[in-house]
Amino acid sequence: MYGYNSTQGCAGITQHREMQGRAAEPQQQPEQQQSSDWNWGFSLEEIFRLALKFFKEMNGKAFNPTYEENLRLVALHKQVSLGPFNPNTSPEIGFFDVLGNDRRKEWARLGSMAKEDAMEDFVKLLNSCCSLFAPYVTSHKIEKEEQGRRLREEEERLRAEREEQERQDEEKKQQLKLEEERRKQEEEVRRKQEEDLLLLLEQKQQIMAALNAQTTVQFLRYAQQQFPDSPEQQQLLIQQLQEQHYRQYIQQAYQVQQVEQKQQDSAVTQAAQVTSHSDDMESVKNAINQSESQSPEPKPCHLFLDRSPGEVAVLAPSMWTRPQIKEFKEKMAQDAESVITVGRGEVLTVRVPTHEDGAYLFWEFATDHYDIGFGLHFEWPNSDGMTARTCNGTSVPNVTEVVPIYRRDSHEEVYAGSHHYPGQGVYLLRFDNSYSLWRSKVVYYRVYYTR
């Protein structure tokens, strides 16, 4: 009974194949047109694995192939996995095992079909006998494309992160390089500043040593008069006076430098004007030479007053201040001749002749409540060879300005100074209150000489 059904089934298979072949003849051309899309963009191995998975999972569930299609699919699978049929190596099958014999026969019919051809036939046969296979492959294709997209996005993200990390690393390197350069520059600037500071300190020490050699005697005598019983206070005062004297020297040297710069700028301007009016370069040289010959000699950077050619050189004064104004005024108030009143709008002059036993003149003054103008002049006698000036036929004494008249805050601290005798003559201490129209000024002062 089982063998009869098997024979009838085989005959049915043959008849079904003939009918299927005849029915397929009119559709041969559309199949050829679709033959290029049978793998849906997958490789042969990939599409075969999908087809085999679908066949194992869905056979008898989602689709039911015919008996002969099932035999063909199983045979193709064996051809791919085991190669062509070999009766010597294949296990024996019982006579009554109809399914096993049919599968062996179908496998043997494939002959020496290549593995690739067997995989291709397997996929095409499965697609032709099951309409669900194409959507199944399409869904996997979409999933594959999605996986590919996600993979590309992940690769792009990793690439972007890598590039960003590289950029940050490069920025850090550049930043470290810039910081290193900046640090080196700061160290160089700091080193240069330290060198300049050391040079300035050295120059200051040299200048102060030279200045102190000129003023040691007069500052010592002044300090001894201020603090006769306190050597420590004398030394402190001398140091303060020397520091103020140094600042005065630097200020005067700076002013001299500014005057020289203005003279040089004036010479360059004159040369430029000559150039604009003449193309003759010789004229430019003559103008510059003439300007240089007419400009005065540069003033030396030491404390001498400005003078005209032929005049006696006069040393600049030394001036300083000290804060003990209350004690000074109380001491001066004990002597009525040391207190004077300068009326509003007035200029009061105190004449102090040089002393034959003296070499330096010292002065100190302070005021109550308000400032006052102060200046110092030196009046030369005719006997010293200084020519007197004439004004409207009247002989006028020749006077040298030692300290120009400026308003001094003498109500806040004591103003003091000294000057080396330029010769025999008369010092003129001028207290100027001409700018005040309403207030008189009380001045406490004293003047003395030292050797």
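With hydrogens and angles ignored, the 3.5 Å screen pairs no side-chain donor or acceptor of Glu401 with any backbone N or O of Leu376. When atom types are taken as modelled, the side chain of Ser436 and the backbone of Arg344 share no donor-acceptor pair closer than 3.5 angstrom. Using a distance-only test at 3.5 Å, with no hydrogens or angles considered, a donor-acceptor pair links the side chain of Asp97 to the main chain of Gly100. Distance alone, capped at 3.5 Å, is enough to place a donor-acceptor pair between the Gln248 side chain and the Pro317 backbone.
Using bins of under 30°, 30° to 60° and over 60° for the plane-to-plane angle, the ring pair Trp363/Phe374 lands in the tilted bin. Using cut-offs of 30° and 60° on the angle between ring planes, the pair Phe122 and His77 is tilted.
Annotation: side chain to side chain donor-acceptor pair (under 3.5 Å) contacts involving residues 54-63, sequence neighbours excluded, are absent.
Judged by the 6.0 Å distance and 45° axis criteria, Lys78 is positioned over the aromatic ring of Trp107. Figure legend: Arg439 and Tyr370 shown as a cation-pi pair, the cationic atom lying under 6.0 angstrom from the six-membered ring centre and within 45 degrees of its axis.
Salt bridge present: Arg182 and Glu186 bring a charged side-chain N and a carboxylate O closer than 4.0 Å. Under 4.0 Å is where a charged nitrogen must lie from a carboxylate oxygen, and between Lys192 and Asp196 at least one such pair does. We find that Arg152 and Glu156 are not joined by a salt bridge, their nearest charged nitrogen and carboxylate oxygen being 4.0 Å or further apart. Ionic pairing of Glu171 and Arg167 is present here: one or more N-O contacts between side-chain nitrogen and carboxylate oxygen are shorter than 4.0 angstrom. A salt bridge links Arg159 to Glu163: one of the charged nitrogens lies within less than 4.0 Å of a carboxylate oxygen.
Defined by atom type and a distance below 3.5 Å, a donor-acceptor pair is present between the side-chain atoms of Glu364 and Tyr222.
Nearest heavy atom pair, residue Leu237 against residue Phe227, reads CD2-CE1, 3.8 Å. When all heavy atoms of Pro84 and Gly111 are compared, the pair lying nearest together is CB-O, 3.3 Å.
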Inset, instruction - Run the numbers on Glu195 and Arg191 for salt bridge (charged side-chain N to carboxylate O under 4.0 Å, His left out), then give the verdict. - result: CA-CA 6 Å; Glu195 292 178 354; Arg191 185 186 60 80; 2.4 Å; yes

Inset, instruction - Show your working on salt bridge (charged side-chain N to carboxylate O under 4.0 Å, His left out) between Asp371 and Arg407 and close with a plain yes or no. - result: CA-CA 7 Å; Asp371 64 349; Arg407 294 174 65 172; 3.1 Å; yes

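Two residues are said to be in side-chain contact when any heavy atoms from C-beta on lie closer than 4.5 Å; Lys204 and Glu243 meet this criterion.
The distance from the CD atom of Gln147 to the CD atom of Glu145 is 11.0 Å, given to the nearest 0.5 Å.
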